[in-house]
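One structure below.
In what follows, chains are A, B, ... by sequence order, proteins preceding strands, each numbered from 1. For the numbers below, each heavy atom of this structure counts, side chains included, while hydrogens, waters and symmetry mates do not.
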Number of protein chains: 2
Amino acid sequence: MVESVSEPASESATRPPTAQQFVLAEVRRAITSGELKPGSAIRQEALAERLEVSRVPLREALKTLEGEGLVSYRAHRGYRVAELSMADLREVYRLREILEAEAVRAAMPLDDAVFAELEAAQALVEQAAERGAVEEMARANRRFHFALYEAAGMPRLLRIIGTLWDSTDAYRSLYYAGADNRRHVLAEHRAALAALRAGDAEGAVRWFDRHRSAAVETLAAQLEG
Amino acid sequence: MVESVSEPASESATRPPTAQQFVLAEVRRAITSGELKPGSAIRQEALAERLEVSRVPLREALKTLEGEGLVSYRAHRGYRVAELSMADLREVYRLREILEAEAVRAAMPLDDAVFAELEAAQALVEQAAERGAVEEMARANRRFHFALYEAAGMPRLLRIIGTLWDSTDAYRSLYYAGADNRRHVLAEHRAALAALRAGDAEGAVRWFDRHRSAAVETLAAQLEG
DNA sequence: ATCAGTCCGACTGGATCCAAAAAGTAGCAC
DNA sequence: GTGCTACTTTTTGGATCCAGTCGGACTGAT
């Protein structure tokens with residue numbers, strides 16, 4: 001890799017101030033994008049070399065990912081990319097159902113800034129869906145949901161929901177790959193947004209529940225078949 | 001430290017197979033027991049020396065604790081023992097309310113082995129309470145609650161609840177220090193257990209809610225005053 | 001041919017050393 | 001006396017090196 005001396009911000013966005021943060025972001029991306037396959041062993045030396053750092057920051061990043069459940073670890077055997085069983089997938093979605101409902105309720109009533117952010121994010125989701133840009137849609141979708149969850153003002157809840165999302169990110173892109181699914185997402189977002197505008201928290205919660213159910217059932221069918 | 005060659009199990013229980021696991025357990029204990037005070041900086045060199053390991057395994061243990069929210073971290077400034085604001089404390093208890101209710105419902109109906117474990121744990125809680133053994137009571141109490149939550153068969157949920165407990169462990173001991181509080185705990189446990197025996201999940205959930213409310217309100221009064 | 005035991009290679013775990021960043025301190029100008 | 005700057009100290013971040021463990025391959029016996 002060519003390292004510019006005077007311009008540190010050469011590659012995508014600014015590179016984090018420490019190697020472990022850089023590695024953390026990079027490995028998380030590789031896992032959630034499916035580039036590193038579930039169940040596969042992580043060879044520290046090889047991966048560290050590929051990222052041009054030593055094993056020390058890599059190991060610290062892996063410890064963080066272990067805490068998030070993205071990798072599993074056994075002493076003297078190293079790290080593996082975590083595998084999600086069907087039971088795990090359903091558990092994650094069940095927990096999201098409970099926790100995101102709480103977040104939505106706690107976020108109400110929403111102020112104008114939140115609505116603005118929700119609408120901006122939704123516009124991006126729509127654009128990406130139209131173009132079939134799966135990765136971009138996943139990003140915009142996350143921004144949409146988390147704009148709402150952040151408004152709850154519950155940092156720990158936000159963090160937990162975030163880790164639940166991370167652990168299923170690889171599957172989410174799979175879901176967005178279907179054009180029908182993308183249409184569903186848009187319709188559900190719009191309906192939830194309308195409920196939120198009407199100040200109807202329970203209505204929005206119900207739409208988000210449908211939103212998740214549709215995703216998990218589709219994925220379950222796809223993965224089992 | 002004197003290391004026996006033939007008998008590795010010299011100090012309390014068997015020492016973990018890796019230094020980082022040993023350090024993790026030790027630092028977690030020090031934080032949850034209040035030995036390391038909230039807000040204080042963690043000097044890696046000093047702490048590593050005290051535990052007779054190098055900074056590397058200590059740093060990996062701290063990364064794990066960061067994931068659990070027991071310490072906070074800022075690049076180039078190091079780790080600090082996390083401070084719980086009143087808002088944090090209330091958020092933790094609110095999340096526990098939601099998640100533990102889910103665990104109780106999912107655990108029903110309980111089989112005999114779970115009842116046996118619950119009763120064994122409760123007996124220990126009663127004994128410890130009578131003797132005013134705060135630390136021991138905290139341990140037995142945790143065993144009681146988690147026997148129930150484990151029965152839900154939801155590993156991620158169990159883990160999340162565990163981290164929420166960890167983050168408030170230091171306060172829990174404070175609560176148990178009051179004789180009145182200990183009496184409350186016993187009564188609430190007994191009532192919840194009776195509801196569980198009757199197959200009444202919602203009744204048990206209500207008792208656990210009271211259980212937590214009593215604790216958080218008492219603590220709030222104590223900490224604000 | 002199968003299985004037990006041993007050995008060797010590969011990989012992880014940990015210690016030490018070095019680099020870089022932040023915090024503290026002293027000196028200087030105003 | 002105050003505020004800024006340069007320098008020193010302290011502490012964290014990272015690289016390299018060594019030790020310990022695990023798993024598989026090889027050997028030999030039954």
Which nucleotide in [options] has an atom nearest any side-chain atom of [X]:
| X | options | result |
| --- | --- | --- |
| A:R59 | C:dG14, D:dC22, D:dG13 | C:dG14 |
| A:A19 | D:dT21, D:dG14, C:dT16 | D:dG14 |
| B:S54 | C:dT16, C:dG13, D:dG14 | C:dT16 |

Roughly how many Å is it from [atom1] in [X] to [atom2] in [N], rounded to a whole number?
| X | N | atom1 | atom2 | answer |
| --- | --- | --- | --- | --- |
| B:R74 | C:dA20 | CZ | P | 22 Å |
| B:Q44 | C:dA15 | CD | P | 14 Å |
| B:L47 | D:dT10 | CG | P | 19 Å |
| B:L62 | D:dT12 | CG | P | 10 Å |
| A:Y73 | C:dT12 | OH | P | 10 Å |
| A:L58 | D:dG13 | CG | P | 16 Å |
| A:E49 | C:dC11 | CD | C1' | 15 Å |
| B:E66 | D:dT12 | CD | P | 14 Å |

| query | If you count the non-hydrogen atoms of other residues, nucleotides and ligands that lie under 6.0 Å from CG in B:D111, is the total more than 12? | reply | yes
| said: Counting only heavy atoms not in A:E119 (residues, nucleotides, ligands), do more than 12 fall under 6.0 Å from its CD? | reply: yes
| query | Side-chain N or O of A:Q21 less than 4.0 angstrom from OP1 or OP2 on D:dG13? | reply | no
| message | Using OP1 and OP2 only, check whether a side-chain N or O of B:Q20 sits under 4.0 Å from C:dG14. | response | yes
| So, are A:E66 and A:K63 salt-bridged, with charged N and O less than 4.0 Å apart? | yes
| task | Could you tell me whether A:D169 and A:R29 make a salt bridge, using a distance below 4.0 angstrom between a side-chain N and a carboxylate O? | result | no
| Minimal non-hydrogen separation, A:S167 against A:V92, with atom names | OG-CG2, 4.0 Å
| Base D:dG14 paired with B:R55 side chain (donor-acceptor, <3.5 Å) | no
Once you apply a heavy-atom cut-off of 4.0 Å, does [X] come out as touching a base, just sugar-phosphate, or nothing?
| X | result |
| --- | --- |
| B:E60 | nothing |
| A:R43 | sugar-phosphate |
| B:I42 | sugar-phosphate |
| A:Y79 | nothing |
| B:R77 | sugar-phosphate |

| said: Return whichever of A:G78 or A:P17 has its heavy-atom-nearest nucleotide of DNA chain C closer to the 5' end. | reply: A:G78
| remark: On DNA chain D, more 5' by nearest nucleotide between A:V56 and B:E45 is B:E45
| message | When you measure from the centre of the six-membered ring of B:Y93, is the NZ or CZ of B:R96 closer than 6.0 Å and no more than 45° off the axis? | response | yes
